[in-house]
> 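This is the structure I have questions about; it appears just below.
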Amino acid sequence: MLIGEVLTNLYGLKQEDIEKALELQKKLGGYIGQILIQTGSITETQLIQALSKQLDIPIYNKDEHKVNGEGAISLPDSEIDMDFVVKNNFIPVGVDHKKSTITFITNDPLNNTVADYVIKTTGYNILTLLATEQTINELSGPYTGGKGSDFVSLHIDDTPEKLKEMAFEAPVIKFLNNILSRAVELRATDVHIEPVNSKYRVRFRIDGILHDMESLEAAFYLATVSRIKLLSGLDIAEKRLPQDGKFSTKIASAFLDIRVSTIPTVKGEGVVMRLLYRERLTFDIMRLGMESDHAKTIIELISRPYGILLVTGPTGSGKTTTLYSMLTRLNSEERKIVTVEDPVEYQLEGINQIQVKSDIGLSFASSLRSILRHDPDIIMVGEIRDRETAEISIQSAMTGHLVLSTLHTNDAPSSLFRLIEMGMEDYLLNASVIGVIAQRIVRKNCPDCSHKYYPPESVLEEYGLRNIYKKRRDMISGDMVFIRGDGCQVCAGTGYRGRIAIFECFNYTDDLKDIFLRNRSLESLRARLNEAHNFRSLREDGMLKVMKGLTTIEDVLRVC
């Protein structure tokens, strides 16, 4: 099979992408696989896997194929030119003198020139394994003095003209493309490039947790940051002030909007790239991970014609995704929906979205005043940050609008008291608030390396798992199931892959309003919720998902 056919079968590569690559190949030459990588149709890992299937060549695995020691391989006595071999991306990783065989890793298995040269020079046979360029660079250190096989020395010069020149150097372009490809493959949401002590590191946020990926030398760091700035439309000469920008790209046939933010630190600029996948995210309220009772409550709340519904939680707890899922469900031709956000992360078709711009006076409060003159049915306020925004949101809810908004509180009942702290009157809250949702995000067990286990009895007792099981027996089909992952290549060694939300929510009913007015006590409100409303806390909802085998006790405790 042709490589294009293999890629289509494995990854659904589109025919139009193949035809475009073939046209470029006629004009520029080169391998079609590399052209598909450069056009963003596939990643290098996908190409390596396709070549393995097409050519029946195994893929290098550090656990299966042990490298002979940490230094350079002791090759047969000969006049072999290692510079020539390594520069052609052939790295020796093992030698068997008894069988006269040398094992090489490469990402260019069709390069017979190197294989023929080694066979002729050494008299040994060649065993080839496929590997990504990242792996090749990591294992080429003993042969390149610690530099990658594509290392190009870049002199440190931080003048704008030199930085711009460096940003267009081939190794810098290649490095940034590889970083973004790896981020997409590992499902990273953010890429951090930052100075730490005497080095510069790259970290990926995968399923909410940061992981170190690699280190950079100073010149490469400066050139990479400059390239990111140029792509984002930022000023490469400005290093004293924070800057924000964005750019779009295509990787593995996925279109990404990349939001870039830079901040000045005492050791240099820190850069964060937020990866927003246009096609991967689906805003379906039934796929957020909520249990049936929570789903019923939330759907009933957003079906109200007016009132304010609050979604609470810290930064990165998935509040925006929940709000977007609600708006998607409510969106129809009969309703006008207007949002005011900072920033607008995803553009929703059929919904009027406003981006806050504080530098020109377009704040949440000023936007809300204007929104009310545009005859909306539903208003979404990205965040209630101050008293003025809270007042206008409450007034909007009391004048016939359904208002959805977020707050930063630790749990759902605390939201009412947070608004009181902002200066809101309790009777206004009782007249406008219809319900509150709190949420966190936990990581799901990796389906490839997870296995059943049974925690010690002391752990079950400490976190009340048996009591929760008895209380919520109708929500768990069968016995308690505990699962955890050992870590594998698919999940980047974490044991987790993907995320799911845990919730606590309540309908703000008349009896709760009465207790809130009379007692003004968080404890009294919680007691009433537990007594009369079968209220479930964030931790209890998380432990429910633990007993269903979706996540682990450790990860639930990490977030709540």
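Counting begins at 1 with the first residue of the sequence.
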> Using the ring of each side chain (for Trp, its six-membered ring), is Y221 parallel, tilted or perpendicular to Y200, with breaks at 30° and 60°?
parallel

> Look only at the side chain of S52 and the backbone of I48, and say whether a donor-acceptor pair between them is shorter than 3.5 Å.
no

> Sequence neighbours left out, what passes side-chain hydrogen bond (donor to acceptor under 3.5 Å, both in side chains) with R499? Give chain and number order.
none

> Does a side-chain N-to-carboxylate-O contact under 4.0 Å join E383 and K319?
no

> List for me each residue that meets side-chain contact (heavy atoms from CB on, under 4.5 Å) alongside F535, sequence neighbours excluded, and say none if there are none.
P413, E504, F506, L529, N530

> Taking atom types as modelled, find out whether T103 and Y60 have a side-chain donor-acceptor pair closer than 3.5 angstrom.
no

> Do N89 and T106 get their side chains close enough for a donor-acceptor pair, meaning under 3.5 Å?
no

> Between Q243 (side chain only) and E238 (backbone N and O only), is there a donor and an acceptor less than 3.5 Å apart?
yes

> Who passes ring pair (Phe, Tyr, Trp, His ring centres under 6.0 Å) against F175, sequence neighbours left out?
F220

> Judged by atom type as modelled, is there a donor-acceptor pair below 3.5 Å linking the side chain of H408 to the main-chain atoms of T312?
no

> Assess the side chains of T132 and T135: does a donor N or O sit below 3.5 Å from an acceptor N or O?
yes

> Taking only residues two or more places apart in sequence or in another chain, which ones pass side-chain hydrogen bond (donor to acceptor under 3.5 Å, both in side chains) with K20?
none

> Just by distance, with hydrogens left out, do T39 and S41 show a side-chain donor and acceptor under 3.5 Å apart?
yes

> Just by modelled atom types, is the F104 backbone N or O under 3.5 Å from a matching donor or acceptor in the T128 side chain?
no

> What pairs with R443 under side-chain hydrogen bond (donor to acceptor under 3.5 Å, both in side chains), at least two apart in sequence or on another chain?
D555

> More than 12 heavy atoms of other residues, nucleotides or ligands under 6.0 Å from CG of D212: yes or no?
yes

> Kindly write out the residues that satisfy ring pair (Phe, Tyr, Trp, His ring centres under 6.0 Å) with Y453, not counting sequence neighbours, or none if the list is empty.
none

> So, R497 side chain and V490 main chain: donor-acceptor pair closer than 3.5 Å or not?
yes

> Determine whether a donor-acceptor pair (N or O, by modelled atom type, separation under 3.5 Å) exists between the side chain of R205 and the backbone of T189.
no

> When you check the side-chain N and O atoms of Q38 and Q34, is any donor under 3.5 Å from an acceptor?
no

> Would the number of heavy atoms belonging to other residues, nucleotides or ligands and lying under 6.0 Å from CD of Q347 be above 12?
no

> Taking only residues two or more places apart in sequence or in another chain, which ones pass ring pair (Phe, Tyr, Trp, His ring centres under 6.0 Å) with Y469?
none

> Okay, side chain of S181, backbone of N178: is any donor-acceptor separation there less than 3.5 Å?
no

> Strictly distance-based, threshold 3.5 Å: is any side-chain N or O of Q353 a donor or acceptor partner for the main-chain N or O of Y346?
yes

> Does atom CG of D56 have more than 12 heavy-atom neighbours from other groups under 6.0 Å away?
no

> So does G498 get a backbone contact from the side chain of D207, meaning a donor-acceptor N/O pair under 3.5 Å?
yes

> Can a salt bridge be assigned to the pair R472 and E291 using a cut-off of 4.0 Å between side-chain N and carboxylate O?
no

> When you measure from the side chain of K229 to the backbone N and O of T262, does any donor-acceptor pair fall under 3.5 Å?
no

> Can you list the residues that meet the side-chain contact (heavy atoms from CB on, under 4.5 Å) rule with T265, with sequence neighbours excluded?
P195, I263, K267

> Could you list all the salt bridge (Lys or Arg N to Asp or Glu O under 4.0 Å) pairs where at least one residue sits in residues 339-350, not counting sequence neighbours?
R259-E345, R274-E345, D342-R385

> Over all heavy atoms of both residues, which pair between V93 and L139 is shortest? Give the atoms and the distance, please.
CG1-CD1, 3.9 Å

> Does Y324 have any ring pair (Phe, Tyr, Trp, His ring centres under 6.0 Å) partners at least two apart in sequence or in another chain, and if so, which?
F283

> Just jot down the side-chain contact (heavy atoms from CB on, under 4.5 Å) partners of E462, sequence neighbours excluded, or say none.
none

> Under the rule for side-chain hydrogen bond (donor to acceptor under 3.5 Å, both in side chains), what residues qualify as partners of E461, not counting sequence neighbours?
none

